[in-house]
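Just below is one structure, and these are the notes that go with it.
Both counts, for ligands and for their atoms, begin at 1 and track the order of listing. Reckoned from all heavy atoms, side chains included, excluding hydrogens, waters and symmetry mates. Since we're looking at a predicted model, the values are computed, not measured.
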Amino acid sequence: MAPGALFEEPNIAENFNDHRDGLALEATSDAIDDVNVLKAAMKVKQGTATQKEKDIYAQSEFDSDKDKTQFRQYEEACDRVKNFYREQHEKQTVAYNLKARNHFHHKTRAEMTIWEAMEKLNTLIDESDPDTSLSQIDHLLQSAEAIRRDGKPRWFQLVGLIHDLGKLLFFYDAQGQWDVVGDTFPVGCAFDQRIIYPDTFKGNPDHADPVYSTEHGIYVPGCGMDNVMLSWGHDEYLYHIMKDQSTIPDEGLAMIRYHSFYPWHKENAYRWMMNEKDHKMLEAVRAFNPYDLYSKSDDIPKVSELKDYYLGIIDEYIGKDKKIKW
Ligand SMILES: O[C@H]1[C@H](O)[C@@H](O)[C@H](O)[C@@H](O)[C@H]1O
Ligand SMILES: [Fe+2]
């Protein structure tokens, strides 16, 4: 699993690299994913979907009358957001990524229950986010409540509740917010133009590296995203913790690991690195995204009224009063 097993056997033949074929293949695979998402939605509509498919992939309803164009407006964003991304894009290098991963694996930062972690995180205001200045506990409960309102399974609600808890890193090993929050992208291969503020990568030393600056860099097409180093931050950190310390299904773990990977799940970049499993996971990540993004304009939840309900779900997939090793 990511990222311990880097550079596992590539499963794609050499001549795959031909540029024109690559582009054609990428366009075809984009189209296949779009068709799969539509097919999943159709099956739900026609009543032929299995319960599992219905539960995960049915179109979100809570956001049907929201103006989606109001979110993620980075060109008009304030300086706080722009400065954040400049710093992040200049500092997220392969060398830093390896160091951070090593560090992560070699110690336990704290032992806390999920609820204690949520309370601790509550003082952090995310500098990268143009859409909310609410505290993290509010954002987590807004996401979870939207998922619950749409009747999604309990593990899906749990993912909503915890998906940003990795931001706890800020209080431990982080060098700032640049290695905790914000959209993610792979390191070790060229930075794609579909990442927000792509020009700011010019200040990143890897931008001029003879290997890391090539399209595939240190990877091979089809290598699978488990073998790719995504920029270090809250998604990657929480994914590793939950993979080992919960019974959240693979789809839920993918929602956690990739929820900030907008260049991939929204803009269709980096398709060449996907394997079969990743195509399935992409659908799950896309099903999760509206609950993360569009719930930011919902009413502020009343924490005390919701606590018992969510403690019940935490018990189910993580354990009663379980102290997580963070
Ligand atoms: O600013 C936000 C925030 O940091 C989120 O937690 C992250 O998931 C998003 O990708 C990002 O756009
Ligand atoms: Fe996040």
Side-chain angles (χ1 to χ4, degrees), residues 68-89 91-92 114 117-118 121-144 146-147 156 158-171 174-187 191-192 194-198 200 230-242 248 252-270 281-282 284-298:
K68 314 264 164 61
T69 62
Q70 296 305 305
F71 297 83
R72 292 181 62 83
Q73 292 303 319
Y74 287 97
E75 284 319 312
E76 287 101 76
C78 59
D79 286 350
R80 175 196 65 159
V81 173
K82 290 186 172 156
N83 293 337
F84 165 86
Y85 274 107
R86 176 172 300 279
E87 184 179 19
Q88 181 188 61
H89 290 176
K91 293 184 174 170
Q92 288 275 0
I114 293 286
M118 285 167 64
L121 192 60
N122 210 25
T123 53
L124 180 77
I125 304 289
D126 184 332
E127 287 173 1
S128 70
D129 199 332
D131 297 317
T132 185
S133 311
L134 289 183
S135 69
Q136 296 295 311
I137 203 165
D138 291 333
H139 167 56
L140 291 174
L141 282 167
Q142 281 173 328
S143 308
I147 295 167
F156 198 147
L158 177 63
V159 168
L161 184 76
I162 64 171
H163 73 279
D164 272 344
L165 273 191
K167 291 179 185 173
L168 270 184
L169 257 188
F170 180 71
F171 300 104
Q175 305 208 348
Q177 289 211 9
W178 66 268
D179 55 345
V180 179
V181 301
D183 285 5
T184 57
F185 46 87
V187 295
F191 301 114
D192 193 281
R194 286 163 281 189
I195 302 172
I196 47 174
Y197 307 125
T200 54
L230 290 178
S231 50
W232 182 253
H234 68 289
D235 309 43
E236 201 64 359
Y237 168 62
L238 185 71
Y239 162 74
H240 285 284
I241 299 215
M242 285 302 133
I248 294 173
L253 294 175
M255 292 170 185
I256 293 173
R257 182 170 189 232
Y258 303 121
H259 77 269
S260 308
F261 192 8
Y262 277 85
W264 174 65
H265 69 67
K266 179 155 181 277
E267 307 297 339
N268 284 324
Y270 299 106
M281 296 300 114
L282 176 59
V285 177
R286 286 185 171 163
F288 172 74
N289 179 252
Y291 299 103
D292 181 11
L293 184 55
Y294 303 129
S295 67
K296 289 177 183 172
S297 62
D298 288 355

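Between Gly160 and Phe288 the shortest heavy-atom distance is CA-CE1, 3.9 Å. Nearest approach of Arg286 to Trp264, heavy atoms of both residues: NH2-O, 4.3 Å.
Atom numbering of ligand 1 starts at 1 in the shown order; those under 4.0 Å from a heavy atom of Arg72 are 12 (O). Interface atoms of ligand 1 facing Asp183, defined by a heavy-atom separation under 4.0 Å, are 9 (C), 10 (O), 11 (C), 12 (O). The atoms of ligand 1 that sit less than 4.0 Å from any heavy atom of His259 are 8 (O). Every atom of ligand 1 with a heavy atom of Ser128 under 4.0 Å away is listed here by number and element: 1 (O), 2 (C), 3 (C), 4 (O).
Tested against Ile195 for a side chain to side chain contact (heavy atoms under 4.5 Å, CB included), the candidates Tyr85, Tyr270, Tyr262 yield a single pass: Tyr270. For the pairing with Asp183, the side-chain hydrogen bond (donor to acceptor under 3.5 Å, both in side chains) check across His259, Gln88, His89, Arg72 returns one residue only, Arg72.
In this structure, His139 has no heavy atom closer than 4.0 Å to ligand 1. Heavy-atom distances between Tyr74 and ligand 1 reach below 4.0 Å in at least one pair. Proximity of His163 to ligand 1 is not established, as no heavy-atom distance is less than 4.0 Å.
Between the side chain of Gln92 and the main chain of Trp232, a donor-acceptor pair closer than 3.5 Å is present. Of the possible polar contacts, one joining the His234 side chain to the Val180 backbone as a donor-acceptor pair under 3.5 Å is found. Checking side-chain atoms of Asn122 against main-chain N and O of Ile137 turns up a donor-acceptor pair under 3.5 Å. At least one donor-acceptor pair under 3.5 Å links the side chain of Gln177 to the backbone N or O of Ile125.
In terms of distance to the Fe ion (ligand 2), the nearest N, O or S atom of Asp164 is named OD1.
The shortest N or O to N or O distance between Tyr262 and ligand 1 is not below 3.5 Å. In terms of polar-atom proximity, Gly182 is counted as a contact of ligand 1, with an N or O under 3.5 Å from an N or O of the ligand. Of the polar atoms of Asp164, at least one N or O is found under 3.5 Å from an N or O of ligand 1, judged by distance alone. Here's the thing with Asp235: none of its N/O atoms is less than 3.5 angstrom from an N/O atom of ligand 1.
Here the heavy atom of the protein found nearest to atom 8 (O) of ligand 1 is Ser260 OG, 2.6 Å. The nearest protein atom to atom 6 (O) of ligand 1, hydrogens excluded, is given as Lys167 NZ, 2.8 Å; this is a heavy-atom distance. Taking atom 4 (O) of ligand 1 as the reference point, the nearest protein heavy-atom neighbour is Asp126 OD2, 2.6 Å.
Looking at Phe84 against ligand 1, nothing comes within 4.0 Å, counting heavy atoms. Counting heavy atoms under 4.0 Å from ligand 1, residue Asp129 touches it through both backbone and side chain.
Side chains of Asp235 and Thr184: no donor on one and acceptor on the other come within 3.5 Å. Judged purely by distance below 3.5 Å, without hydrogens or angles, the side chains of Ser143 and Asp292 never pair a donor atom with an acceptor atom. Counting only N and O atoms by type, the side chains of Asp138 and Ser135 include a donor and acceptor under 3.5 Å apart.
The NE2 atom of His234 and the NE2 atom of His259 meet at the Fe ion (ligand 2) at an angle of about 90°, given to 10°.
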